[in-house]
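First comes the structure, then the notes that go with it.
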Protein chains: 2
Amino acid sequence: MNKRTRSATGYAAWRLIAEELRGDIAGGALAVGDRLPTEQELSERFGVNRHTVRQAVAALAADGLVESRRGSGTYVLGGGIHLHRLGVRTRMSLSLGDRAEASAVRVLDSAIEAPPADIADALRLRGDRAVRVEGMRTVGGRALVRGTHWFDAERFPDIAAVLRRSRSVTAALRSVGVDDYLRVSTTVSARHATADEAADLALEPGAVVLVARGLDALPDGTPLQLVVARFPAQRVALEIEHGGGLGLA
Amino acid sequence: MNKRTRSATGYAAWRLIAEELRGDIAGGALAVGDRLPTEQELSERFGVNRHTVRQAVAALAADGLVESRRGSGTYVLGGGIHLHRLGVRTRMSLSLGDRAEASAVRVLDSAIEAPPADIADALRLRGDRAVRVEGMRTVGGRALVRGTHWFDAERFPDIAAVLRRSRSVTAALRSVGVDDYLRVSTTVSARHATADEAADLALEPGAVVLVARGLDALPDGTPLQLVVARFPAQRVALEIEHGGGLGLA
DNA sequence: ATATGTTATCTAGATCACTAGACAACTTAT
DNA sequence: ATAAGTTGTCTAGTGATCTAGATAACATAT
C-alpha cells in the first residue's frame, strides 16, 4: 500500500482496509455466512503486512460484522441493519414494528431560542423564537437516532415538557391537539459524526452518520416541526416510501 | 487530545478535527462567509498542537470548503452541495436544472451475468441473467454519481449499447419503447467509499458515499431496472420528494 | 494419524505523526 | 506609524504505527 496515501488521507492503513471490507459486505460482494479471504490473501490484495489486515478485521469484529474462528477463517455475520421508513407519514412505530416495545425515547435538552434563519423560514415562525428539543431514541438499549426538533415557540411553548412525558413525538403532538401531520420534504446527507454525535450514538470517532432533515406540516399546510435526525450509518438505512398509491406489490 | 483515541480509531487527529469542522459547517453552526475560530482557539478547543489544526484546515481548504487568508483568518466558502431530487419520477434532468448542458453520462463497463439473488428477485427475471451496466455521470467535469444498473437480459439484451449512445437513462429507455417509469422504492445508506469508488468519484480514500438503491417499474408494475447509485457525500445531498399532491408551497 | 491451512500472540526495528518552538509575512485595530 | 492578531513556514525530538519474523493453537483435508 502506498505509504504516502496514509499521511495524505489521515486514515490508518488498517482503517481504510476495514472500510473497504465493510463496503464489500454492504455492497453484496460478501454475503452473510460467507468466509472472508484469508489474512494472507487480504495481505496480498492490499499490499500490507498481515498484522495490519488483522487490525482491520478486528475492527469489523468489534462492530459485530464478522467473526473470526481460529483455524477456520473469518465469517460474515447476519446483517443487523435497521431499515427506517421515511415517507409522507413518517412514524417511528412503522419502522420499529414488533421492536417498538424495546424502544425508548428521551429528551436530552431543550431551549427556547432564535433558530438559524433557514429553520425560521421553513417553520414560518410567528415570532422570532423556536423551541429546540434535543432527543435520542434507543432500541434494545442501542442508540438508533439522535434528533434535533424545532417547533414554533408561540404555538407550542410547552412541547419540550410534553415530549418528556411521551413515548413518541406522535404521541406528544396528539396530546397538544395535533392528530395528523405529513412529511413535506426531506433532505438526506451523510458525513462523519462529530465528537458529540459519536458519543451520543455509541460510535467511534470518525464513524459515518446519515442525516435526514425533514419538514413536517399539518394537512392544511401549516408547518409543524423541522427535525434533523442523525442515524448511525453502520446500523441504519433509510427506506424511502414514494407515495401516491401505485398499487405495486 | 487523547493519543490512544487515535490508535483505537484509525483516524489521524487532524482528520477527526477536519470532519468535526465539516460537520459544524454542514450543520449550520458555521455559515458561508463566517470566519472560523483562530488556529489558537481551535488548538485549545481540541487539545492539540496548532500544526495539527493547520493540517485539518488544509484538508477542508483542499475540498473547497474554506479559504485561509494570512493575517485575516479562515473563512467558510459557498456551499456547493448539489441537491439530487429523488421521487416517484426520478429524473436526473430534474436535479440538474440549468446545469444539464454541462452534464455527461458515460458507460464504463457492461456484462450479461447472473445477478445476486436479491436483485434477481426484485427484477422478477424471466431467465437467470441480467444486464449489468456500470455508469458514471459528471457535471461540469466533476463526478456526480457512480451507478450500477441492472436490467432483465431477456427483455433488454442490448440496453448497454443503447445507453452508450444516449445522454441519459431516460432517453435510452424511451428508444427501446419505455415512455414512462416510476420509482417504486429506494433504500438510502452511507458508508466510506471503497478504493474503486473513491477513484471513480475523485475522492480521497476514506471519504463518505451516499448510496441509493432504487427499483424502477413500468406504470403497470412490471419491474424495469434496479440501480445502485453512489454519490460523493461531501458534494451531494438527496432531496426526497414525498409524492401524493399535498398542494404545499 | 498426519499434513496443510488458518487465526492468534509474542518480540522487535524502522518509519511516520504529532508535538514544540521560533520567526516571517500579512491583516486589522488603535 | 505602531501594536496586536492571525496565518505560513522552517527545523527538530519523541512516541506511535506498520512492518517483520517466529511460533502456538485450532480446524480442515487426506
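Every chain is numbered from 1, with letters handed out A, B, ... down the list of sequences.
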ask   = Do Leu203(B) and Arg235(B) come within less than 4.5 Å of each other through their side chains, counting heavy atoms only?
value = yes
key: pair Glu134(B)-His149(B): side-chain heavy atoms closer than 4.5 Å   = no
message = When you measure from the side-chain N and O atoms of Trp14(A) to the phosphate of dT17(D), is any distance below 4.0 Å, counting only OP1 and OP2?
response = no
Short side-chain N/O contact to dT7(D) OP1/OP2 from Thr74(B), under 4.0 Å = yes
query = Arg35(B) near the nucleic acid: base, sugar-phosphate alone, or nothing, with a heavy-atom cut-off under 4.0 Å?
reply = sugar-phosphate
Atom [atom1] of [X] to atom [atom2] of [N]: distance rounded to whole Å?
| X | N | atom1 | atom2 | answer |
| --- | --- | --- | --- | --- |
| Glu67(A) | dT6(C) | CD | P | 18 Å |
| Gln40(B) | dT19(C) | CD | P | 13 Å |
| Glu44(B) | dG5(D) | CD | P | 13 Å |
| Gln55(A) | dA16(D) | CD | C1' | 11 Å |
| Asn49(B) | dA16(D) | CG | P | 16 Å |
| Leu36(B) | dT27(C) | CG | C1' | 17 Å |
| Glu41(B) | dT6(D) | CD | C1' | 10 Å |
| Glu39(B) | dT27(C) | CD | C1' | 14 Å |

query = Toward the 5' end of DNA chain D, which comes first, Val53(A) or Arg69(A), by nearest nucleotide?
reply = Val53(A)
remark   = The residue, Thr52(A) or Ser68(B), whose nearest nucleotide of DNA chain D is more 5′ is Ser68(B)
task = Verify salt bridge (charged side-chain N to carboxylate O under 4.0 Å, His left out) between Asp63(A) and Arg22(A), making sure each step is shown before the conclusion.
result = CA-CA 10 Å; Asp63(A) 283 343; Arg22(A) 196 193 299 269; 2.8 Å; yes
request  = Please report the C-alpha distance between Thr148(A) and Arg230(A) in whole Å, then the side-chain angles of each, then the deciding distance to 0.1 Å, and finally whether the side chain to side chain donor-acceptor pair (under 3.5 Å) criterion is met.
outcome  = CA-CA 9 Å; Thr148(A) 301; Arg230(A) 286 84 96 202; 2.9 Å; yes
N/O to N/O distances under 3.5 Å, protein versus nucleotides 9-13 of chain C:
none

What N/O pairs connect the protein and nucleotides 28-30 of chain C at under 3.5 Å? Give each pair on its own line.
none

key: Pairing of Glu39(B) and Arg54(B) as salt bridge, 4.0 angstrom limit   = yes
query = For the atom pair CG (Leu65(B)) and CD1 (Ile81(B)), what is the distance rounded to the nearest 0.5 Å?
reply = 7.5 Å
message = Taking side chain to side chain donor-acceptor pair (under 3.5 Å) as the criterion, tell me which of Glu19(A), Arg15(A), Glu20(A) meets it with His192(B).
response = Glu19(A)
message = Under a 3.5 Å threshold, yes or no: a donor from one side chain and an acceptor from the other, between Arg137(A) and Ser103(A)?
response = yes
message = Tell me every residue that passes ring pair (Phe, Tyr, Trp, His ring centres under 6.0 Å) with His84(B), counting only those two or more places apart in sequence or in another chain.
response = Phe231(B)
